[in-house]
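Working notes, beginning with the structure itself.
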There are 2 protein chains.
Amino acid sequence: MKMQRIRIKDVAREAGVALSTAALALRDDSKLREETRRVVREAAARLGYVYDRSAAMMRSGRSHTIGLLVCEITNPFYAELTAGVEEALDQAGYVTMLANTAESAERQRRMLERFREQPVDGVLIMPATGTPASLSEELRAWQLPHATVVRSFRRGAHAGPDNRAGTRLATEHLLALGHRRIAFLGGAAKNSVSTGRWEGYARAMARAGLTPEHLPCRTDIGEASVVAEALTAKGPTALVCFNDSVAFGAGMGLQRGGRMPGRDVALVGFDDVREAAHWYPPLTTIRVAPHVIGQAAARVLLHRITDPAAEPLREILPPALVIRESCGAQQRRAA
Amino acid sequence: MKMQRIRIKDVAREAGVALSTAALALRDDSKLREETRRVVREAAARLGYVYDRSAAMMRSGRSHTIGLLVCEITNPFYAELTAGVEEALDQAGYVTMLANTAESAERQRRMLERFREQPVDGVLIMPATGTPASLSEELRAWQLPHATVVRSFRRGAHAGPDNRAGTRLATEHLLALGHRRIAFLGGAAKNSVSTGRWEGYARAMARAGLTPEHLPCRTDIGEASVVAEALTAKGPTALVCFNDSVAFGAGMGLQRGGRMPGRDVALVGFDDVREAAHWYPPLTTIRVAPHVIGQAAARVLLHRITDPAAEPLREILPPALVIRESCGAQQRRAA
DNA sequence: TCATCAGAGTGGAACGTTCCAATTCGACCG
DNA sequence: CGGTCGAATTGGAACGTTCCACTCTGATGA
C-alpha cells in the first residue's frame, strides 16, 4: 500500500519523452527546447518528483557537499563564522556538513576520514590545537581540496584576519591616548594567530621606543580574570587583549579588584563578538567580521575545487578598530 | 598519470576473493570466517581503499546523514545545543548536515527541500519564528522522520526544556527572597517557549496571591536595555527575564539608569549561557543545559528513524536554578 | 550410501542518476 | 538532388555499492 518514489523514468513516461530527455529538462539544460523543458517540469510537478542527489553523486562523482571542521562552535566567534560559511556555501548550491572538533586533534582526524568517505567535494578546516604539521600534506595526498580558516598551515588556500594589523591598530590607538605602559594579555599557544597578534603589538611598541610586556594566560575568561585581578595601580595602564573573551575576563577581574575598565585601566579586545557592544562598559575592540571571513573561506575553497590547477588563494582580511568605552577614549575626549 | 580510486573490486582481486565477499568482509559481517575478514582488511589497507558512502547510500537508501535546522546559530544557546546534537549523532555513526535558517521561515523551507533531495535519513528542526503550522503535516506527508527541538509543534517527537518549571523556579526564588513586585521581562512572540515561560511565572505569582506584570519586549539585548533603563525606583524590585540575552540587556539598561543589578534590582535570566557566569555581576539564571537537550534531540530522532511505528518520544528536561549574584541572594544572606 | 544441513563464499541484478555517442529531422548549400 | 550541418532528442552503458538467491563443501545421521 505504500506509494513508491517517483523517478525520472516515471516523469519521462508521463511527459512522453525519453528518460535522458527528462533528465536534461529537469536540469534545465539549454540543449532542449523551452517547450520540452516546460512539459517535463509540469509532469514532474504533477507526479511530485523529488530529485535524488545520492544517485547523481555516485554517477557524477560530485556531491555538492562541503565538510566544515569547526574547532569550537560554542565560541561565539566561530559560531558567527560558521554562519557565514554556511550562508555562502548555500548560495553557491552546496550543503554544509558540520563537525565540531572541540579542539581535539584526534576527533578532527576521525571526522576528516568520515568526510573523505562521504564523500565531500572539499573541506574547510579550522585546525584544532595540536594539529600535526603533516596534516596538510596528507590532505594533499588524499586529493581532497581544502582550505584553512583563521588558523593557517604554512601554505595552501586560506582565509582569515590580518592579526598583525589588528593588534597594531589597537596598540597605536592606546599610544595615541597617551598610554606608555601597555601590556599584552593572553595568547600563550604557539600558532599562527597567537604569534601574529603578539607581533603586531610588539612591533608597534618597539616603533614607539617602548618595551613590550607579555602577561601570558590561556584563552579563557576565568584565567584572564585571575591575572587581571592581580594587577595593581603600579601595573600597566592599558591592556591589549588576545581576544574578546580574554578582555571580558580581564574586565571582570579588574572590577573585582575595584578598578573600572575605561576609567582606571584601558582595555582593548580582539574579534568584536556580538557581546562586545553589550558589555558594560561596551568593549573597544578589533573588528574582524567573522561572518565575512566565513564567506571568504567558502569562496577560497570553491575556487580551489573549480580550478585545482590554479594557485591557492589566500585572503587576509583587514581588521578595523571599533572604539567604544573600555579604552577610555570617550572620557578623555570629554575631559 | 593520475592514480585512480581503489574500489571493492580491486580489494577483492588483491585478496583473492569474490567482490561480494570482500564487501561483506569490509563490513565485518559475521557470516565470514575471521581469517577471511583479516585477509581482506589487510588487502584494503595495502591498497589504500576508501569506502564510498555515496554508492552505498544509493543502493541501500540510507545515508547515515541527519539534517539540522538551527534557527540562529550565532545565539550561544543554540550553538551549544548544536554541539550537543553533532556529538551525539557522530557517536551513533551519523553525519550532521547544517543549515542556519536565521529565523527565516522561507529559508527554512528551502533547506528542508534540499535535505529531502540529499537525501537525509531525518531532520532535527528548531522551527524559525513564523513557521506555518502546516509544516508538521507536510513533513509527515514527505515521510521524512523529524523531531523538533526547544520550540515544538503540537505533536510529534520533541526534545526541549520544561519552560514552565523554569520560570516557576525563578519566581519562587525571588518570592522567597522577599520580593513582591516581580515583573516578567520579554517574550512577546506567540510560541511554545514564550507561553510556557510566561505561564510558569504567572502561576507562581498567582499562587502567592500577587498579580503578574508583563514588560513585553523583543528578544534582543538592545530592546531589553531600553525597557530596563526606563524603570524607576517605583517600578518592580525584581525581574524574571525571558532569557539570558534579555537579562544582559536589562542589566545594562539598569546600570545606565544608575542602578546595580543584584543590589538595587534582582535579575534572573533563563538558559545559563556560558557568558552568564562571567557577566558582572554574575547572572542568576535557569540552567537548561543546551548540550544535554541537543543529545536528547538526537536520541529522540534516531528512535523515530529506527522504529517509525512507535509512538514519538517527547523529552522534556527539568531545569535547575543557578544562584549567582544578580538576584541579590548573596547580599541578603550576608546582611 | 544418500539425503539433509549449516557454514562459507559467490554471481549478478538492482539502485537512479549522468555521460557520451548515436540518431533523427529539417534546413541550407552547391 | 545528394551532402553537410546543427539542433533536438534518444539509447544505453557506466558509477560502486548492497542485497538476494544460489552454489559449493564437508559433516552428520539414518
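We use all heavy atoms of the structure for the numbers below, so side chains are in, but hydrogens, waters and symmetry mates are not. Within every chain, numbering begins at 1; the chains are lettered A, B, ... in the order of the sequence lines, protein sequences first and strands thereafter.
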So Arg53(A), base contact, sugar-phosphate only, or nothing? Heavy-atom distance under 4.0 Å. nothing

Salt bridge (charged side-chain N to carboxylate O under 4.0 Å, His left out) partners for Glu34(A), two or more places apart: Arg37(A), Arg41(A)

side-chain hydrogen bond (donor to acceptor under 3.5 Å, both in side chains) involving Arg109(B) - partner list, sequence neighbours excluded: Glu113(B), Glu138(B)

Using only atom types and a distance under 3.5 Å, with no angle test, would you say the side chain of Arg114(A) pairs donor to acceptor with the backbone of Gly93(B)? yes

Can you name the residues that form a salt bridge (charged side-chain N to carboxylate O under 4.0 Å, His left out) with Arg314(A), not counting sequence neighbours? none

Tell me, please, the opening and closing nucleotides of DNA chain D, 5' to 3', among those with an atom under 4.0 angstrom from a non-hydrogen atom of chain B. dG16(D) to dC19(D)

With a 4.0 Å cut-off, would you call Arg38(A) and Glu42(A) a salt bridge? yes

Just to be sure I understand the geometry, which residues of residues 57-65 of chain B put a non-hydrogen atom under 4.0 Å away from DNA chain D? Arg59(B), Ser60(B)

When every nucleotide of nucleotides 4-9 of chain C is labelled 5' to 3' by its protein contacts under 4.0 Å (heavy atoms), B for base, S for sugar-phosphate only, - for none, what sequence of letters results? ----SS

Inter-axis angle, terminal five-pair segments of the helix from dT1(C)-dA30(D) to dG30(C)-dC1(D) [nearest 10°]: 60°

Taking only residues two or more places apart in sequence or in another chain, which ones pass side-chain hydrogen bond (donor to acceptor under 3.5 Å, both in side chains) with Arg33(A)? none

Going by the rule side-chain hydrogen bond (donor to acceptor under 3.5 Å, both in side chains), which residues pair with Arg62(B) if we only count those two or more places apart in sequence or in a different chain? Tyr94(B)

Scan for side-chain hydrogen bond (donor to acceptor under 3.5 Å, both in side chains) pairs involving residues 7-24 of chain B, sequence neighbours excluded, and state none if there are none. Glu14(B)-Arg46(B)

Scan the side chains in residues 291-298 of chain B for donor-acceptor partners under 3.5 Å anywhere in the protein, sequence neighbours excluded, and list what turns up.
unit_1	atom_1	unit_2	atom_2	d
His291(B)	NE2	Glu87(B)	OE1	2.9
Gln295(B)	NE2	Glu87(B)	OE2	3.3

Flag the pair Glu117(B) / Val50(A) as yes when at least one side-chain heavy-atom distance between them is below 4.5 Å, and no otherwise. yes

Need one value for Ala23(A): base, sugar-phosphate or nothing, where a base atom within 4.0 Å counts as base even if backbone is also close, heavy atoms only. base

Check side-chain hydrogen bond (donor to acceptor under 3.5 Å, both in side chains) between His146(A) and all other residues, then give those that pass, not counting sequence neighbours. none

Going by side chain to side chain contact (heavy atoms under 4.5 Å, CB included), Val85(A) matches just one of Leu124(A), Ile66(A), Leu301(A). Which one? Leu124(A)

Could you tell me whether the side chains of Thr101(B) and Glu106(B) share a donor-acceptor contact shorter than 3.5 Å? no

